[in-house]
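Each remark here refers to the structure printed beneath this line.
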Number of protein chains: 2
Amino acid sequence: MYVTDPTQFVETYDDDKIVPEITHRRTMTLKPGKHLFLEGDPANRIYEVTSGVLRLTRMLEDGRRQVIAFGYPGDTVGFPSDGYYHTDCDAIVPTTLVVHRRSDLETSKGDAALHQRLLRAALREISAMQDHFMMLGRKSSVEKLASFLMVLTDRVGTPLGDFTQVSLPMTRSDIADFLGLTTETVSRTFTQLRKSKIVAIDHINTVIILKPKALRSIAEGQDD
Amino acid sequence: MYVTDPTQFVETYDDDKIVPEITHRRTMTLKPGKHLFLEGDPANRIYEVTSGVLRLTRMLEDGRRQVIAFGYPGDTVGFPSDGYYHTDCDAIVPTTLVVHRRSDLETSKGDAALHQRLLRAALREISAMQDHFMMLGRKSSVEKLASFLMVLTDRVGTPLGDFTQVSLPMTRSDIADFLGLTTETVSRTFTQLRKSKIVAIDHINTVIILKPKALRSIAEGQDD
DNA sequence: CGGAGGGTTGACTTTAATCAACAGCGGTGG
DNA sequence: CCACCGCTGTTGATTAAAGTCAACCCTCCG
């Protein structure tokens, strides 16, 4: 019930014209709460998420935390810089991964097609991070939460009658640390969206998008 | 683009045994205020800054602006995603650039060494953006400004007696939009740092770092 | 000399954070 | 099986931080 809809994942693959080969594929699984790597670890592997959800985080000395990204199926994680990882990464649900050796991908010796994929993934990542900047720096709490829900709707939403269902495997605290808010504010903002009938909250970790257009226009700051 | 200290850049060159050839190098210059590209333009070129400073920005419909990065010498700008630029880019001082055709860099046909450079630049960019996330999402206004000044000190600071001088070619409004603050808050925060004798403000666009250690510990959230 | 734009400062408002209480659920063990 | 504990989430009251609105200054330039 946690896991991201497999059809979504297949589509992502189709879009990218990536047909994974059985040969030369190393896969692994990761249990919830288990770390894939920590900030400062030497970065020898690059991973592609095939199912589940990862959480990439950074911490300040005093415990303040920023969730950099959630790694959904189709995402690549573990981009190295100067040979090291610059975030912690752990699983929030059981997760399966394809493992690539960094040396295969980064040096000229490796497969050119794999190379291409890494570069494309990095460029997509940069673009996604640019959206995230605008969100962190310039949006209000409702706009942040609406943006977050829209992204998830577009990526991993599943149709449910006339509406779209989105599962939120992460805690409120994860959402808060992703959006640069507190858990209390996230909670209040959910309540606000629920009371204005834009979303319904099914179970704590399942929301139903009732008015996608309204949600999107909030996300983009059109109403104020 | 945000943090890459210049020695780093030189080392990267050495590591890769890339000595840019005069041949096949196309350069250009850009006057202050002139745009290099706009959000949504097809991304056919990738640029390396050789002198000057660029500003990369994104806008919301209602005019709210986020400065994504400043492009200093050694930085690469114009990373495409889906074939388009996702930010505006203009010069804030006279700027010179090396121009690369995207097709040369991104497709398998191009020079493998150039390929490598693009990938490295993209990975550095991702790492820098991760710092910026923490700053936007979790730091207070003083911490933000201190972080900004530290990065500039490390990258482009020039020794001045016992101290370090940093020039700020961008306006207060650019700094505000980079840090997710208002110009008023930036101004007040400069005053605060000036009054506590951590920096001195020479000319509007030149600051002198009097207590780098104090500034760094504020930036990292050690004092509160 | 005068005007425009960028920057600073002050007074006040708004937003989200903080502090605190409590509800719901899920697991554990008596 | 039920009681209790601990964790996550919600809600309320209050506070703190940054935003807004406004006045003013300074400098650069025509």
Side-chain angles (χ1 to χ4, degrees), chain A residues 1-2 32-33 55 60 62-67 92-93 135-148 167-196 199-207 218 221 223-224, chain B residues 32-33 55 60 62-67 92-93 135-148 167-196 199-207 218 221 223-224:
Chain A
M1 67 166 69
Y2 282 132
R55 170 176 57 195
L60 289 178
D62 62 6
R64 277 177 287 175
R65 190 179 71 143
Q66 178 69 40
V67 172
I92 57 180
V93 296
M135 203 189 61
L136 281 175
R138 285 286 172 242
K139 289 188 180 176
S140 70
S141 55
V142 229
E143 289 167 352
K144 286 177 176 182
L145 188 59
S147 303
F148 178 63
S167 111
L168 302 174
M170 65 291 287
T171 65
R172 295 290 186 265
S173 162
D174 289 331
I175 298 173
D177 287 343
F178 184 70
L179 300 177
L181 299 171
T182 58
T183 57
E184 294 94 327
T185 299
V186 169
S187 187
R188 281 185 241 278
T189 308
F190 265 119
T191 302
Q192 181 184 337
L193 289 176
R194 185 166 47 75
K195 284 190 176 159
S196 54
V199 308
I201 289 157
D202 207 40
H203 194 54
I204 305 166
N205 55 355
T206 308
V207 303
I218 292 172
D223 329 60
D224 282 312
Chain B
R55 170 175 56 196
L60 289 179
D62 61 7
R64 277 178 286 176
R65 189 179 72 142
Q66 178 69 40
V67 172
I92 58 180
V93 296
M135 203 189 62
L136 282 175
R138 286 285 170 241
K139 289 189 181 176
S140 70
S141 55
V142 230
E143 290 168 350
K144 286 177 177 183
L145 187 60
S147 304
F148 179 63
S167 109
L168 302 174
M170 66 291 289
T171 65
R172 295 290 186 265
S173 162
D174 288 331
I175 297 173
D177 288 342
F178 184 70
L179 301 177
L181 300 170
T182 59
T183 57
E184 292 95 329
T185 299
V186 170
S187 187
R188 282 184 242 277
T189 307
F190 265 119
T191 302
Q192 181 185 337
L193 289 176
R194 184 167 47 73
K195 284 188 177 161
S196 53
V199 309
I201 288 156
D202 209 40
H203 196 52
I204 305 168
N205 55 354
T206 308
V207 302
I218 293 172
D223 326 63
D224 283 309

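Within every chain, numbering begins at 1; the chains are lettered A, B, ... in the order of the sequence lines, protein sequences first and strands thereafter.
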Q: May I have the distance from A:D62 (atom CG) to C:dA17 (atom C1'), rounded to whole angstrom?
A: 15 Å
Q.
Please confirm whether the shortest side-chain N or O distance from A:T182 to OP1 or OP2 of C:dA17 is below 4.0 Å.
A. yes
Please write out each protein N/O paired with an N/O of nucleotides 20-24 of chain C under 3.5 Å, distance rounded to 0.1 Å.
none

**Q.** Atom of B:G137, atom of A:Q66 and distance for their closest heavy-atom approach
**A.** CA-OE1, 3.4 Å
Q: Could you please name the option among C:dA17, D:dA18, C:dG7 that lies closest to any side-chain atom of A:T185?
A: C:dA17
Q: Using whole Å, report how far CD1 of B:I92 lies from C1' of C:dG6.
A: 15 Å
Show every donor-acceptor pair shorter than 3.5 Å between a side-chain atom in residues 167-179 of chain B and any protein atom, with sequence neighbours excluded, or say none if there are none.
residue	atom	partner	partner atom	Å
B:T171	OG1	B:S173	N	3.3
B:T171	OG1	B:D174	N	3.1
B:T171	OG1	B:D174	OD2	3.4
B:R172	NH1	B:I204	O	3.4
B:R172	NH2	B:I204	O	3.0
B:D174	OD1	B:R55	NH1	2.9
B:D174	OD1	B:R65	NH1	3.3
B:D174	OD1	B:R65	NH2	2.8
B:D174	OD2	B:R55	NH1	3.0
B:D174	OD2	B:T171	N	3.3
B:D177	OD1	A:R138	NH2	2.8
B:D177	OD2	B:R65	NE	2.6
B:D177	OD2	B:R65	NH2	2.9

Q.
Is B:T191 close enough to C:dT8 that one of its side-chain N or O atoms is under 4.0 Å from OP1 or OP2 there?
A. no
**Q.** Touch class at under 4.0 angstrom, heavy-atom based, for B:S187 against every strand present
**A.** base
Q. When the distance from CG of A:L193 to C1' of D:dT10 is rounded to whole Å, what number comes out?
A. 15 Å
Q: Determine: side-chain N/O of B:T183 to OP1/OP2 of C:dG7, distance under 4.0 Å, yes or no.
A: no
Q: Name the residue closer to the 5' end of DNA chain D, choosing between A:M170 and A:R138 according to the nucleotide with the nearest heavy atom.
A: A:M170
Q | Interatomic distance where CG belongs to B:L179 and C1' belongs to D:dA18 [whole Å] | A | 13 Å
(Q) Restricting to non-hydrogen atoms, name the atom on A:H203 and the atom on A:I201 that form the minimum distance, rounded to 0.1 Å. (A) O-CG2, 3.5 Å
Q. B:I204 CD1 to D:dC26 P: how many Å, rounded?
A. 11 Å
Q.
Please tell me if B:R172 has a side-chain N or O lying less than 4.0 Å from either OP1 or OP2 of C:dT9.
A. no
(Q) Using whole Å, what does the distance between atom C1' of nucleotide C:dC25 and atom CD1 of A:I201 come to? (A) 17 Å
Q: Have a look at B:S140 and say if it touches a base, only the backbone sugar-phosphate, or nothing, with a 4.0 Å heavy-atom cut-off.
A: sugar-phosphate
Q: Take B:I218 and B:L193 through the side-chain contact (heavy atoms from CB on, under 4.5 Å) test and state the conclusion after the steps.
A: CA-CA 10 Å; B:I218 293 172; B:L193 289 176; 4.2 Å; yes
Q. Roughly how far, to the nearest 0.5 Å, is CG of B:L145 from CG of B:L181?
A. 8.0 Å
Q: Taking all non-hydrogen atoms of both residues into account, name the closest pair between B:P32 and B:I92 and its distance.
A: CB-O, 3.9 Å
Q) Just how far is it from atom OG of A:S141 to atom CZ of A:R188, taken to the nearest 0.5 Å? A) 10.0 Å
Q.
Tell me the interatomic distance from B:D177, atom CG, to D:dG19, atom P, rounded to whole angstroms.
A. 11 Å
Q.
Using heavy-atom distances to pick each residue's nearest nucleotide on DNA chain C, tell me which of A:K139 and A:H203 is more 5'.
A. A:K139
**Q.** Closest-nucleotide 5' rank along DNA chain C - winner of A:L181 and B:S173
**A.** B:S173
Q. Taking atom C1' of C:dG7 as reference, at what distance in whole Å does atom CG of B:D174 sit?
A. 13 Å
Q | Shortest non-hydrogen contact between A:E143 and A:S140, atoms and distance | A | OE1-N, 3.0 Å
